[in-house]
Amino acid sequence: MDTPFLILAIVIFLALAFDFINGFHDTANAIAMSVSTRALKPRTAILLAASMNFLGAITFTGVAKTIGGSIADPATLDNGIEIVIATLIAAIIWNLATWWFGIPSSSSHALIGALAGAVFVGAGSDSVNWNGFLDIVKALIFSPLIAFVVGYIIMMVLKWTLGRRSPHTVNKGFRSMQIFTAALQSFAHGTNDAQKAMGIMTFALIAAGRWDSLEPPLWVKLSAATAIALGTSVGGWKIIKTLGTKIFKIQPINGFAADVSSASVIFTATLLHLPISTTHAATSSILGVGAAKRFREVKWGMAGRIIVAWFITIPVVALLAGLMYKLLF
């Protein structure tokens with residue numbers, strides 16, 4: 001086996017490891033609501049999420065193309081493989097650290113910030129496509145705000161239309177509907193998050209001169225879809241607990257509203273080829289629903305802790321990726 005091929009194999013391994021970690025890190029996005037309201041048993045919810053994640057991952061490639069070509073042009077980088085290695089190591093370290101502490105931070109922020117930081121240090125500021133990078137950052141910033149507003153509006157509409165009905169009857173009906181929304185949320189998650197690993201693998205293949213298109217090869221699609229599905233099947237119980245119990249007391253109608261809100265925002269971003277944070281969309285939807293239900297019941301201290309993680313992820317991981325590049329290469 002020649003050395004360049006071995007190095008490329010290491011990159012693919014790291015990308016799939018990131019994808020796997022992304023799966024169990026972000027499982028909570030899809031199933032926290034249905035698990036916390038007992039609409040689904042935990043193991044059933046995770047298997048549903050894994051299956052729909054895989055299906056969503058192999059359906060679209062627009063986000064992968066954005067990741068593969070919007071932050072930097074891999075075909076012009078002489079050290080593109082080294083840049084990708086530093087990117088993935090930094091993103092994996094951040095994901096594992098935030099998972100360990102149960103903080104629903106963004107795998108998307110981690111990967112995008114790390115790639116920009118590694119390109120900046122490894123190839124210079126001129127190699128970073130700042131317009132493409134800023135377009136992605138705008139989507140990452142505005143999508144949680146949109147998800148909050150959508151969650152608030154959907155919950156207010158449900159309150160106005162169903163406010164006079166028995167809470168027990170309403171929640172019983174929505175508990176059943178949560179099975180559908182959990183599947184929808186998992187599918188949407190796959191259409192956006194798995195694309196990021198596909199994009200970074202395609203970036204590496206182009207940089208190594210072994211591929212010439214931003215459209216990922218079939219084996220990249222299948223391997224990324226499989227990795228995120230396997231990661232999802234492991235489950236991220238700490239973050240599930242944070243989203244499902246530590247923001248406010250969630251009932252089935254609230255879980256339904258939050259899932260529909262975040263899934264619609266994620267899927268819209270996928271259709272626009274924009275990589276957004278499924279974690280941020282899910283969390284913001286929950287906050288919006290909670291604010292509509294009863295503002296004072298939302299544990300805004302926990303929300304503040306999550307928001308801090310949102311803001312620091314890109315700069316911290318960018319610095320970490322730059323440091324990784326310096327240390328390794």
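Keep in mind that the numbers below use all heavy atoms, side chains included, and drop hydrogens, waters and symmetry copies. Here the structure is a predicted model, which means the values were calculated and not measured. We count residues from 1, following the sequence as given.
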Practice item. Say whether I179 and L55 are linked into one hydrophobic cluster, either directly or through other cluster members, by side-chain heavy-atom distances under 4.5 angstrom. Key: yes

Check your understanding: Would M324 and V121 count as a side chain to side chain contact (heavy atoms under 4.5 Å, CB included) if you check the C-alpha gap in whole Å, the side-chain angles of each, and the deciding distance to 0.1 Å?
Key -> CA-CA 10 Å; M324 287 294 107; V121 172; over 6 Å; no

**Study point:** Spacing of N95 atom CG and I92 atom CD1 [to the nearest 0.5 Å]
**Key:** 8.0 Å

**Study point:** Side-chain (S277) to main-chain (S108) donor-acceptor, under 3.5 angstrom
**Key:** no

Exercise for review: Give the minimum heavy-atom separation between S186 and A182, together with the two atoms involved.
Suggested key: OG-O, 2.8 Å

Practice item. Mind listing the closest non-hydrogen atom pair of S261 and G151 along with its distance? Key: OG-CA, 3.1 Å

Practice item. On the 0 to 90° scale, with breaks at 30° and 60°, tag the W130-F120 ring pair as parallel, tilted or perpendicular. Key: perpendicular

Practice item. Decide yes or no on side chain to side chain contact (heavy atoms under 4.5 Å, CB included) for Q178 and F174, but give the supporting numbers first. Key: CA-CA 6 Å; Q178 276 191 280; F174 277 101; 5.5 Å; no

Exercise for review: Decide whether L40 and I253 are clustered together by the hydrophobic rule: side chain heavy atoms of Ile, Leu, Val, Met, Phe, Trp, Tyr closer than 4.5 Å, transitively.
Suggested key: no

Check your understanding: Should V119 and N129 be marked as a side chain to side chain contact (heavy atoms under 4.5 Å, CB included) after you check the CA-CA gap, both sets of side-chain angles, and the distance that decides it?
Key -> CA-CA 10 Å; V119 171; N129 179 3; over 6 Å; no

Check your understanding: Does K196 use its side chain to pair, donor to acceptor, with the backbone of L111 at less than 3.5 Å?
Key -> no

Exercise for review: Mind checking the CD1-CZ spacing from I286 to F148? Nearest 0.5 Å is all I need.
Suggested key: 12.0 Å

Practice item. With sequence neighbours excluded, give me every side chain to side chain donor-acceptor pair (under 3.5 Å) pair touching residues 61-87. Key: T61-E215, K65-E215, N79-Y325

Review point. Is atom CZ of F13 surrounded by more than 12 heavy atoms (other residues, nucleotides or ligands) closer than 6.0 Å?
Key: no

Point to revise | Heavy-atom side-chain proximity of T226 to F54 below 4.5 angstrom | key: yes

Exercise for review: Answer yes if L88 and L16 sit in the same cluster of Ile, Leu, Val, Met, Phe, Trp and Tyr residues linked by side chain heavy atoms under 4.5 Å apart, and no otherwise.
Suggested key: yes

**Study point:** Nearest non-hydrogen partners of K293 and K159, listed with the distance
**Key:** O-NZ, 3.5 Å

Exercise for review: Determine, stepwise, if the pair S285 / V265 fulfils side chain to side chain contact (heavy atoms under 4.5 Å, CB included).
Suggested key: CA-CA 9 Å; S285 294; V265 171; 5.6 Å; no

Review point. For L184, what are the other residues in its hydrophobic cluster, where any two members join if their side-chain heavy atoms are less than 4.5 angstrom apart?
Key: F180

Point to revise | T191-T270 side chain donor-acceptor pair, cut-off 3.5 Å | key: yes

Exercise for review: Classify the side-chain pair D193/T278 by whether it contains a donor and acceptor separated by less than 3.5 Å.
Suggested key: yes

Point to revise | Side-chain heavy atoms of F18 within contact of I200, under 4.5 Å | key: no

Practice item. Give a yes or no on whether the backbone of V260 and the side-chain of Q185 come within a donor-acceptor separation of less than 3.5 Å. Key: no

Would you give me the side-chain donor-acceptor pairs under 3.5 Å for residues 135-147, sequence neighbours excluded?
residue: S143; atom: OG; partner: A139; partner atom: O; Å: 2.7

Review point. Which distance, rounded to the nearest 0.5 Å, do you find between the OG of S107 and the CH2 of W94?
Key: 11.5 Å

Point to revise | Minimal non-hydrogen separation, T202 against S213, with atom names | key: CG2-O, 3.4 Å

Review point. Once you round to the nearest 0.5 Å, how far does CZ of R210 lie from CZ of F5?
Key: 6.0 Å

**Study point:** Note, T59 side chain near F187 side chain (heavy atom, < 4.5 Å)
**Key:** yes

Review point. Within the distance-only criterion (no hydrogens, no angle test), does the side chain of S284 pair as donor or acceptor with the backbone N or O of A281 below 3.5 angstrom?
Key: no

**Study point:** 4.5 Å side-chain heavy-atom contact, W211 and V220
**Key:** no

Practice item. Supply the atom-to-atom distance N22 CG to T279 OG1, rounded to the nearest 0.5 angstrom. Key: 7.5 Å

Check your understanding: Hey, what do you get for CG (N53) to OG1 (T232), rounding to the nearest 0.5 Å?
Key -> 4.0 Å

Point to revise | Least distance between heavy atoms, P275 atom then N192 atom | key: CA-OD1, 3.6 Å

Check your understanding: Would a 4.5 Å heavy-atom cut-off, applied to side chains only, mark I154 and V289 as touching?
Key -> no

Review point. Are W219 and I206 connected in the hydrophobic side-chain network, where two residues link if heavy atoms are under 4.5 Å apart?
Key: yes

Revision key, fill the gap. Note: F133 and A116 closest approach over all heavy atoms is CE1-CB, 3.5 Å

Practice item. Spell out, yes or no, whether M177 and L162 are grouped together once hydrophobic residues are joined by side-chain heavy atoms under 4.5 Å, including indirect joins. Key: yes

